Amino acid sequence: MTFRAAVLELVRRIPRGRVATYGQLAAMLRRPRSARQVGQALRGADDGVPWHRVVNAQGSISRRSRTASMMTQRIRLEQEGVVFRRGRVVLARFRWQGVAARRPRDFAVRQIG
DNA sequence: GACTTGACTAGAC
DNA sequence: AGTCTAGCCAAGT
């Protein structure tokens with residue numbers, strides 16, 4: 001299993017309407033310093049992988065190449081309901097939490113009385 | 001193996 | 001707020 005294959009597999013699990021950052025995905029793969037390689041892996045991704053759901057740490061879109069437009073990615077995200085503010089995805093609301101999101105809410109047990 | 005290339009990022013101005 | 005820089009490292013030559 002190459003790193004590239006692991007990245008593509010993980011990106012396929014990002015649900016519609018959510019985004020993840022390069023660094024976040026790298027950390028999920030237990031390779032926290034390989035953010036650049038996540039981008040590199042996405043370079044040749046086919047239509048089967050939702051590459052548009054990956055943005056940089058600032059929530060903005062990174063250019064795929066000199067000529068490539070960033071509009072395609074933004075339009076795709078907005079069509080899924082992702083909201084941009086001042087050119088950035090509102091990460092606080094749309095970041096994919098990964099497996100942590102489905103963890104039991106043990107915090108709700110605490111009561112006042 | 002020794003370079004080279006970047007869809008990156010945190011920190012420092 | 002933006003702009004630079006150094007460090008990063010999987011893949012491709």
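What's counted below: heavy atoms across the whole structure, side chains too, no hydrogens, waters or symmetry copies. Predicted model, so just to flag it, every value in this text is computed and none were measured. In what follows, chains carry the letters A, B, and so on, assigned in the order in which the sequence lines appear, proteins first and then strands, with residues in each chain numbered from 1.
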**Student:** Do the charged groups of Glu80(A) and Arg53(A) touch, with an N to O distance under 4.0 Å?
**Tutor:** yes
**Student:** Have a look at Val19(A) and tell me which of Leu91(A), Val90(A), Val54(A) forms a side-chain contact (heavy atoms from CB on, under 4.5 Å) with it.
**Tutor:** Leu91(A)
**Student:** Among the candidates dA10(B), dA7(B), dA10(C), find the nucleotide nearest to the side-chain atoms of Ser62(A).
**Tutor:** dA7(B)
**Student:** If you look at every strand shown and take non-hydrogen atoms under 4.0 Å, does Gln58(A) touch a base, only sugar-phosphate, or nothing?
**Tutor:** nothing
**Student:** By the 4.0 Å heavy-atom rule, please label Tyr22(A) as base, sugar-phosphate, or nothing.
**Tutor:** base
**Student:** Which part of the nucleic acid, if any, lies within reach of Arg33(A) when heavy atoms closer than 4.0 Å are counted: base, sugar-phosphate only, or nothing?
**Tutor:** sugar-phosphate
**Student:** Measure the spacing between CG of Leu42(A) and CH2 of Trp51(A) and express it to the nearest 0.5 Å.
**Tutor:** 9.0 Å
**Student:** For Glu9(A), is there an ion pair with Arg13(A) - N to carboxylate O distance below 4.0 angstrom?
**Tutor:** no
**Student:** Can you work out whether Arg43(A) or Arg36(A) has the more 5'-proximal nearest nucleotide on DNA chain C?
**Tutor:** Arg36(A)
**Student:** Tell me, what's DNA chain C's dot-bracket, Watson-Crick or G-U with both distances under 3.5 Å, | for other-strand, [ ] crossing?
**Tutor:** .||||||.|||||
**Student:** Counting only distance, no hydrogens or angles, is the base of dA7(B) paired donor-acceptor with the side chain of Gln40(A) under 3.5 Å?
**Tutor:** no
**Student:** Under 4.0 Å between any heavy atoms, over every strand shown, what does Arg63(A) touch: base, sugar-phosphate, or nothing? Just pick one.
**Tutor:** sugar-phosphate
